[in-house]
**Student:** 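Below is the structure I would like to discuss, written out as structure tokens.
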Amino acid sequence: MGLPLPAWRSVTSIAVALFAILLSVSPRYGYHRDELYFRYLSDHLDWGYVDQPPLTPLLVRAFRVVFGDSLLAFRLLPALAAAVLVVLVALIARELGGGGPAQVLSAFGVATGAYTLILGHTVLTASLDLPFWAAGILFALKALLRGQPRWWMAVGLVLGLATYNKYLIVMLVLGLAAGLALAGPRRTLISPWLWAGAVIALALAAPNLIYQATHDWPQVTMAGALGENKGGEMRVLFVPMQLILFGPVVSVIGAFGWWRLWRDRRVRALAVAYPVIAVVTLVSGGRFDYPAGLILLLFAAGCVSAEQAGIDRARQARASLVFNGLGSALLALPLIPVGGLAATPVPAINEVARESVGWPEFDAAVLGVLRSLPPDEQARAVIVTGNYGEHGSLVRAGLPRVHSGHNQLWAYGPPPESGTVAILVNTGRREYFDTCEPRARVDNGVGIDNEEQGTTVWLCRGLRQPWSVLWPHFRHFS
């Protein structure tokens with residue numbers, strides 16, 4: 001029996017509508033801290049960075065060159081990635097036997113999921129990561145369900161390319177391998193086509209591995225820092241965030257999808273992959289969104305079950321997804337006026353919204369301290385920030401001699417030795433100066449309790465040792 005016809009017209013319409021909606025709200029609030037970081041890295045392109053591979057900064061550079069440096073142009077990239085994700089998940093539903101209703105249902109559910117909207121609104125490494133996961137899962141389904149093992153080579157191609165964006169794709173490999181070993185079909189593990197795909201993936205990923213090996217495995221250091229700093233918090237949030245990521249309705253439908261995959265011996269390995277990745281994430285203290293790609297697979301499978309349960313069940317699922325989407329949009333997109341945002345639960349749940357507010361006020365506070373200095377001190381003063389968002393915002397605002405020890409920025413070197421007058425923001429290294437005095441306090445003006453709100457801007461004089469000696473003490477990962 002052949003596959004159902006693809007519902008191209010309806011699915012494409014949903015993807016285009018999502019793209020348009022995301023662009024229409026993209027200028028609201030402001031840049032997220034990660035976007036400011038990527039903007040800076042896009043002017044310092046390299047084969048890799050201590051906290052990520054090169055693809056996202058490279059694409060940011062390309063989009064800036066082609067479309068300009070505005071926030072709207074900047075966010076074309078994630079909006080496009082979200083639209084592609086919608087199409088891929090609909091194709092996953094089709095691969096699982098879903099006809100037009102299941103494909104449309106899965107496309108609509110993904111397009112209106114909170115996590116999709118956040119990633120489609122903001123340039124994050126995960127914005128590109130989910131389409132890679134979806135493509136890898138789609139091709140794995142083709143290999144497992146069609147009896148056409150050559151599709152494992154396509155899986156290998158996707159996995160290899162995905163390593164240039166984020167090494168998290170290794171989790172998908174781990175989950176799938178464990179699933180095949182535990183639930184079968186185990187003969188797949190000795191398929192020459194699967195191993196050919198593995199060779200393709202390793203060949204494509206080799207430059208990344210070489211970079212890591214020749215730079216003392218910075219990604220391992222970064223992962224360790226994240227687990228140490230946020231591991232406990234991520235473990236507590238893991239279960240509730242599995243329900244919130246794409247909305248509770250998607251999670252409920254996904255539960256039925258898991259059962260559908262489990263009952264089919266051909267794809268039972270993918271049902272096992274989700275709990276395997278969940279356990280690895282919990283043990284390692286990884287982020288709660290690591291299994292997000294498999295949640296979308298489970299949801300697509302659940303949409304197929306809803307379609308096959310009859311038209312009434314499909315209509316109920318569609319109506320529930322409408323309400324799910326409305327709640328997700330309020331949570332994920334900058335729809336609430338910024339002046340009233342603090343009075344809602346959104347900032348506490350959505351870190352992207354919270355950390356996209358207040359950058360002009362932050363820049364103004366630091367600039368005010370710089371301009372208060374006598375001309376000779378202004379000419380040699382340096383600015384040192386505690387995180388890459390602060391650094392990127394000040395650089396974008398045109399302030400001179402801005403430095404940070406956060407992640408990759410530390411590698412770009414210490415301030416000049418002439419910078420014995422320093423403006424310090426969100427860094428506690430004031431003991432390296434003879435005197436430090438508070439000169440300003442950051443206030444975003446709308447009461448959003450984010451990382452910059454209430455930060456003191458310090459003016460320090462009398463550097464006690466050369467910057468070249470002190471700079472290692474400013475390095476930190478998070």
Side-chain angles (χ1 to χ4, degrees), residues 3 6 47-48 52-55 81 84-85 87-97 125-126 128-213 219 261-262 264-277 280-281 290-298 300-301:
L3 288 174
W47 195 255
Q52 64 188 293
L55 183 59
V84 170
L85 177 65
V87 175
L88 288 171
V89 175
L91 290 175
I92 288 173
R94 175 176 179 257
E95 205 66 35
L96 291 168
T125 51
L128 302 176
D129 207 42
L130 276 189
F132 276 122
W133 276 63
I137 290 169
L138 174 64
F139 296 147
L141 286 171
K142 289 178 181 291
L144 292 168
L145 290 173
R146 294 190 184 187
Q148 297 176 355
R150 66 178 181 272
W151 281 103
W152 289 117
M153 297 178 69
V155 174
L157 177 65
V158 170
L159 296 180
L161 292 175
T163 63
Y164 289 88
N165 179 64
K166 207 171 182 181
Y167 299 122
L168 183 63
I169 197 69
V170 174
M171 293 282 271
L172 177 59
V173 177
L174 177 63
L176 182 57
L180 289 171
L182 294 172
R186 294 184 181 89
R187 64 180 180 276
T188 301
L189 293 172
I190 59 173
S191 167
W193 291 104
L194 183 142
W195 287 101
V199 169
I200 292 172
L202 286 173
L204 287 173
N208 280 315
L209 296 175
I210 292 171
Y211 174 87
Q212 289 290 313
Q219 196 67 37
L261 294 177
W262 175 258
D264 190 336
R265 291 184 177 273
R266 297 173 300 169
V267 291
R268 185 175 291 176
L270 287 167
V272 173
Y274 175 79
V276 167
I277 292 178
V280 172
T281 301
Y290 284 2
L294 284 176
I295 291 176
L296 293 181
L297 164 65
L298 302 181

**Student:** Do Trp152 and Thr188 come close enough that some side-chain heavy atom pair is under 4.5 Å?
**Tutor:** yes

**Student:** With heavy-atom distances below 4.5 Å as the criterion, would you say the side chains of Tyr211 and Pro53 are in contact?
**Tutor:**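 No; the side chains remain at least 4.5 Å from each other.
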
**Student:** Could you grab the distance from atom CG of Leu180 to atom CG of Leu189, nearest 0.5 Å is fine?
**Tutor:**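 The CG atom of Leu180 sits 5.0 Å away from the CG atom of Leu189.
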
**Student:** Quick one: closest heavy-atom pair of Ala196 and Met153, and the distance?
**Tutor:**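 Looking at all heavy atoms of both residues, the closest pair is CB-CG, 4.2 Å.
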
**Student:** Is Trp133 reaching over with its side chain to a backbone N or O of Ala292, donor-acceptor style, under 3.5 angstrom?
**Tutor:** no

**Student:** Below 4.5 Å, heavy atoms only, C-beta onward: do Val272 and Trp262 meet side chain to side chain?
**Tutor:**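 A side-chain contact under 4.5 Å exists here.
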
**Student:** Are Leu141 and Val267 close enough, and set up right, to give a side-chain contact (heavy atoms from CB on, under 4.5 Å), and what steps lead you there?
**Tutor:** CA-CA 7 Å; Leu141 286 171; Val267 291; 3.7 Å; yes

**Student:** As a test of understanding, state which of Val158, Leu91, Ile92, Leu296 forms a side-chain contact (heavy atoms from CB on, under 4.5 Å) with Ile137.
**Tutor:** Ile92

**Student:** Does CZ belonging to Arg265 count more than 12 external heavy atoms closer than 6.0 Å?
**Tutor:** no

**Student:** Please work out which of the three classes, parallel, tilted or perpendicular, describes the rings of Trp151 and Phe139, given edges at 30° and 60°.
**Tutor:** parallel

**Student:** Is there a side-chain contact between Leu145 and Leu96 in this structure, where contact means two heavy atoms from C-beta onward sitting under 4.5 Å apart?
**Tutor:** yes

**Student:** Atom CZ in Phe132, atom CG in Leu159: separation rounded to 0.5 Å?
**Tutor:**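 Spacing of CZ (Phe132) from CG (Leu159) equals 10.0 Å.
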
**Student:** Of all the heavy-atom pairs spanning Leu182 and Arg186, show the shortest one and how long it is.
**Tutor:**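 In this case the closest contact between Leu182 and Arg186 is O-NH2, 3.0 Å.
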
**Student:** Does Leu161 reach the side chain of Leu55, with side-chain heavy atoms less than 4.5 Å apart?
**Tutor:** no

**Student:** Mind checking the CG-NZ spacing from Asp129 to Lys166? Nearest 0.5 Å is all I need.
**Tutor:**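 With rounding to 0.5 Å, CG (Asp129) is 5.5 Å from NZ (Lys166).
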
**Student:** Just how far is it from atom CG of Leu297 to atom CG of Leu261, taken to the nearest 0.5 Å?
**Tutor:**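 Here the rounded value is 5.0 Å.
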
**Student:** Kindly give the heavy-atom pair with the smallest separation between Tyr274 and Pro291, and that separation in Å.
**Tutor:** CE1-CB, 3.6 Å

**Student:** Taking side chain as C-beta onward, heavy atoms only, is Gln212 less than 4.5 Å from Tyr167?
**Tutor:** yes

**Student:** For a 4.5 angstrom cut-off between non-hydrogen side-chain atoms, does Lys142 reach Gln148?
**Tutor:** no

**Student:** Could you tell me the separation between the CG atom of Leu130 and the OG1 atom of Thr125, rounded to the nearest 0.5 Å?
**Tutor:**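 The OG1 atom of Thr125 is 10.0 Å from CG of Leu130, to the nearest 0.5 Å.
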
**Student:** At their closest point, which heavy atom of Leu176 faces which heavy atom of Ala140, and how far apart are they?
**Tutor:** CD2-CB, 4.5 Å

**Student:** Of all the heavy-atom pairs spanning Ala269 and Gly179, show the shortest one and how long it is.
**Tutor:**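 Ala269 and Gly179 have their closest heavy atoms at CB-C, 3.4 Å.
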
**Student:** Which heavy-atom pair separates Leu88 from Ala135 by the least distance, and what is that distance?
**Tutor:** CD1-N, 4.0 Å

**Student:** In Å, rounded to the nearest 0.5 Å, how long is the span from CG of Leu172 to CG of Leu270?
**Tutor:** 8.0 Å

